[in-house]
Undergrad: 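The structure that follows is given in the form of structure tokens.
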Amino acid sequence: MPHLDVNDTTLYYEDEGSGPALLFLHGWGTSARTWGAQLPDFTRDHRVVTVDWRGCGRSARPVRGNTTAGVVNDLVALIGALRLDRPVVVGSSIGATFATELGVRRPELISGVIAVDGPAYWPSTGMPIAELREGLRLDRAGTLADCVPGWYAPGTSPALIDWTVRQILDSGVHIDQHFIAASSYDPRPILPALQVPIHYIHGELDTSIPLQVARTCAALTPGAELTVITGAGHMPHQEDPDQFNATLRAALARIAPATHATA
């Protein structure tokens with residue numbers, strides 16, 4: 001199993017296919033397994049790297065470094081160690097924050113960002129960060145069982161929801177530290193100066209991060225576009241893989257047309 005030691009932790013990753021590079025980043029508490037419906041399609045004509053970022057999935061669960069800066073530093077090390085040639089970084093939820101921050105801090109390392117239902121700025125969404133952290137501390141399983149169904153659109157398979165809860169329960173508790181930064185994170189001031197192209201993909205029915213957040217961020221980012229996945233919630237890549245994959249291919253062709261031609 002491929003593991004990489006970086007910044008005093010160990011990351012699990014998978015590296016398959018050949019062609020233009022894609023780096024997929026999962027959301028809070030889950031794992032790279034959430035991209036399972038994308039791998040068969042995109043490994044046909046891309047080099048696809050998925051990673052369980054620190055504290056999640058099959059990676060180590062360190063007490064320290066569970067911050068945006070800590071994860072971004074890990075990604076910088078991963079890109080270097082695997083000699084990824086300016087990948088497009090596809091991030092879901094808080095993974096979209098990591099992807100955006102990577103574009104801000106190290107734009108020379110990547111060729112673009114795809115932000116999938118990214119949190120962007122949380123305070124204005126009304127998400128009860130403090131209550132969520134306390135609930136996770138006192139009753140982790142019960143809190144997740146209550147909140148995770150809201151990530152998905154009505155009618156989503158209960159098995160998918162239960163699997164998501166199990167992934168989070170399998171991750172380390174120290175990832176809750178991300179909520180400290182999330183309660184005040186706001187990229188709006190930096191988006192006008194973003195030096196890499198970005199495309200926003202957002203589920204129409206996302207109640208965790210409202211669609212208006214993506215609309216606002218896209219409007220602030222020069223050249224950015226937004227594609228809405230109809231009928232999907234916060235996890236469109238799992239809820240409607242066919243529509244998502246087609247949308248992702250179209251977005252790749254727009255932000256990096258020289259290398260990411262539509263198959």
Side-chain angles (χ1 to χ4, degrees), residues 2 4 6-7 9-17 20-39 42-43 46-60 65-82 84 86-107 109-120 151 164 167-168 171-172 175 178 181-182 185 187 194 196-203 208-209 214 217 234-238 244-245 248 251-252 255-256:
L4 181 68
V6 298
N7 303 325
T9 193
T10 302
L11 302 179
Y12 175 87
Y13 71 94
E14 294 181 1
D15 184 354
E16 300 290 345
L22 300 176
L23 174 59
F24 283 88
L25 306 176
H26 62 84
W28 178 83
T30 57
S31 73
R33 292 186 174 101
T34 60
W35 300 109
Q38 284 65 59
L39 294 180
F42 288 92
T43 53
H46 288 78
R47 180 184 179 187
V48 176
V49 174
T50 58
V51 60
D52 295 351
W53 42 266
R54 66 167 59 211
C56 299
R58 294 147 290 186
S59 291
N66 298 289
T67 63
T68 298
V71 174
V72 170
N73 288 340
D74 292 346
L75 297 174
V76 169
L78 177 79
I79 290 171
L82 299 184
L84 287 177
R86 301 194 70 229
V88 173
V89 186
V90 184
S92 166
S93 193
I94 199 171
T97 295
F98 303 149
T100 302
E101 287 295 315
L102 187 58
V104 170
R105 302 177 191 208
R106 298 298 301 273
L109 294 181
I110 67 175
S111 61
V113 171
I114 307 289
V116 182
D117 289 71
W151 294 5
T164 304
Q167 285 184 80
I168 302 171
S171 293
I175 60 171
H178 284 287
Y185 181 73
L194 189 63
V196 298
I198 187 169
H199 191 104
Y200 296 88
I201 298 176
H202 214 88
S208 299
I209 307 298
C217 289
H234 189 61
M235 308 286 274
H237 51 299
Q238 294 186 286
F244 179 86
N245 289 358
L248 178 55
L252 290 169
I255 69 172

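All residue numbers in this chain count up from 1 along the given sequence.
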Undergrad: Under the 3.5 angstrom rule, does the side chain of Asn73 hit a backbone N or O of Gly65 as a donor-acceptor pair?
TA: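 It does not hold such a pair.
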Undergrad: Is there a side-chain contact between His26 and Ser92 (heavy atoms, below 4.5 Å)?
TA: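 SC-SC contact between His26 and Ser92 ruled out.
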Undergrad: Within the structure provided, determine whether Leu248 and Val116 are in side-chain contact (heavy-atom separation under 4.5 Å).
TA: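 They are not in side-chain contact.
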Undergrad: Which heavy atom of Ile94 sits nearest a heavy atom of Trp28, and at what distance?
TA: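 Minimum heavy-atom separation between Ile94 and Trp28: CG2-N, 3.5 Å.
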Undergrad: At what distance, to the nearest 0.5 angstrom, does CZ of Arg33 lie from CD of Glu14?
TA: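 These two atoms lie 8.0 Å from each other.
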Undergrad: Residues in side-chain hydrogen bond (donor to acceptor under 3.5 Å, both in side chains) with Thr50, at least two apart?
TA: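 Counting only residues at least two positions away or on another chain, Thr50 forms no side-chain hydrogen bond (donor to acceptor under 3.5 Å, both in side chains).
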Undergrad: Contact between Val71 and Leu25 at the side-chain level, heavy atoms closer than 4.5 Å - yes or no?
TA: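 Counting from C-beta outward, Val71 and Leu25 never come under 4.5 Å.
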Undergrad: Between Ser59 and Tyr12, is there a donor-acceptor pair closer than 3.5 Å when you use the side chain of the first and the backbone of the second?
TA: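 Such a contact is found between Ser59 side chain and Tyr12 backbone.
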Undergrad: Please list, chain by chain and in numerical order, all residues satisfying side chain to side chain contact (heavy atoms under 4.5 Å, CB included) with Asp74, sequence neighbours excluded.
TA: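 Counting only residues at least two positions away or on another chain, Asp74 forms a side chain to side chain contact (heavy atoms under 4.5 Å, CB included) with Val6, Asn7, Thr9, Leu11, Arg54.
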Undergrad: Please identify each residue that fulfils side chain to side chain contact (heavy atoms under 4.5 Å, CB included) with Pro187, with sequence neighbours left out.
TA: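 Applying side chain to side chain contact (heavy atoms under 4.5 Å, CB included) to Pro187 gives Ala120, Tyr121, Tyr185, Ile190, Leu191.
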Undergrad: Side chain to side chain contact (heavy atoms under 4.5 Å, CB included) with Ala69: which residues, sequence neighbours excluded?
TA: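 Ala69: side chain to side chain contact (heavy atoms under 4.5 Å, CB included) contacts with Thr67, Arg105.
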Undergrad: Say whether, by atom type as modelled, one donor and one acceptor occur between the side chain of Ser171 and the main chain of Gly29 under 3.5 angstrom.
TA: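 A pair under 3.5 Å: yes.
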Undergrad: Taking only residues two or more places apart in sequence, or in another chain, which ones meet His178 in a ring-ring contact (aromatic ring centres under 6.0 Å, His included)?
TA: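 Only Trp53, Phe98 meet the ring-ring contact (aromatic ring centres under 6.0 Å, His included) criterion with His178.
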Undergrad: In chain order, what residues pass the side-chain hydrogen bond (donor to acceptor under 3.5 Å, both in side chains) check against Asp52, with sequence neighbours excluded?
TA: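 Asp52: side-chain hydrogen bond (donor to acceptor under 3.5 Å, both in side chains) contacts with Arg58.
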Undergrad: Which atoms form the tightest heavy-atom contact between Ile175 and Gly172, and what is the distance?
TA: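 In this case the closest contact between Ile175 and Gly172 is CG1-O, 3.0 Å.
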Undergrad: Got a sec, which pairs hit salt bridge (charged side-chain N to carboxylate O under 4.0 Å, His left out) with one end in residues 109-119, sequence neighbours left out?
TA: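 Passing the test, one end in residues 109-119: no pairs.
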Undergrad: Mind running side-chain contact (heavy atoms from CB on, under 4.5 Å) on Ile114 and Ile255 for me, showing each step along the way?
TA: CA-CA 9 Å; Ile114 307 289; Ile255 69 172; 3.6 Å; yes
Undergrad: Flag the pair Leu4 / Val51 as yes when at least one side-chain heavy-atom distance between them is below 4.5 Å, and no otherwise.
TA: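 Of all side-chain heavy-atom pairs linking Val51 with Leu4, none is under 4.5 Å.
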Undergrad: Does His234 have any side-chain hydrogen bond (donor to acceptor under 3.5 Å, both in side chains) partners at least two apart in sequence or in another chain, and if so, which?
TA: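 Scan of His234 (side-chain hydrogen bond (donor to acceptor under 3.5 Å, both in side chains), adjacent residues dropped) gives Ser93, Asp206.
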Undergrad: Run Thr34 and Gln167 through side-chain contact (heavy atoms from CB on, under 4.5 Å) and show every step you take.
TA: CA-CA 10 Å; Thr34 60; Gln167 285 184 80; 3.9 Å; yes
Undergrad: Is the side chain of His202 donor-acceptor paired with the backbone N or O of Ile209 at a distance under 3.5 Å, no angle test?
TA: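 Checking the backbone N and O of Ile209 against the side chain of His202, a donor-acceptor pair under 3.5 Å is found.
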Undergrad: Decide yes or no on side-chain contact (heavy atoms from CB on, under 4.5 Å) for Leu23 and Ile110, but give the supporting numbers first.
TA: CA-CA 10 Å; Leu23 174 59; Ile110 67 175; over 6 Å; no
Undergrad: Which heavy atom of Gly103 sits nearest a heavy atom of Pro107, and at what distance?
TA: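 Closest pair (atom of Gly103, atom of Pro107, distance): O-CB, 3.2 Å.
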Undergrad: List for me each residue that meets salt bridge (Lys or Arg N to Asp or Glu O under 4.0 Å) alongside Arg47, sequence neighbours excluded, and say none if there are none.
TA: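 Salt bridge (Lys or Arg N to Asp or Glu O under 4.0 Å) list for Arg47, sorted by chain: Asp15.
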Undergrad: Considering residues at least two apart in sequence or located in another chain, which fulfil the ring-ring contact (aromatic ring centres under 6.0 Å, His included) criterion with Trp35?
TA: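 Checked Trp35 against ring-ring contact (aromatic ring centres under 6.0 Å, His included); matches are Phe24, His237.
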Undergrad: Evaluate the side-chain contact (heavy atoms from CB on, under 4.5 Å) criterion for residues Val89 and Leu75: first the C-alpha distance (whole Å), next the side-chain angles of each, then the deciding distance (0.1 Å), finally the verdict.
TA: CA-CA 10 Å; Val89 186; Leu75 297 174; 5.7 Å; no
Undergrad: Who are the side chain to side chain contact (heavy atoms under 4.5 Å, CB included) partners of Thr10, not counting sequence neighbours?
TA: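 Thr10 satisfies side chain to side chain contact (heavy atoms under 4.5 Å, CB included) with His3, Asp5, Ala60 once adjacent residues are dropped.
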Undergrad: Would you indicate whether the side-chain heavy atoms of Val90 and Gln38 approach each other to under 4.5 Å?
TA: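 Not in contact.
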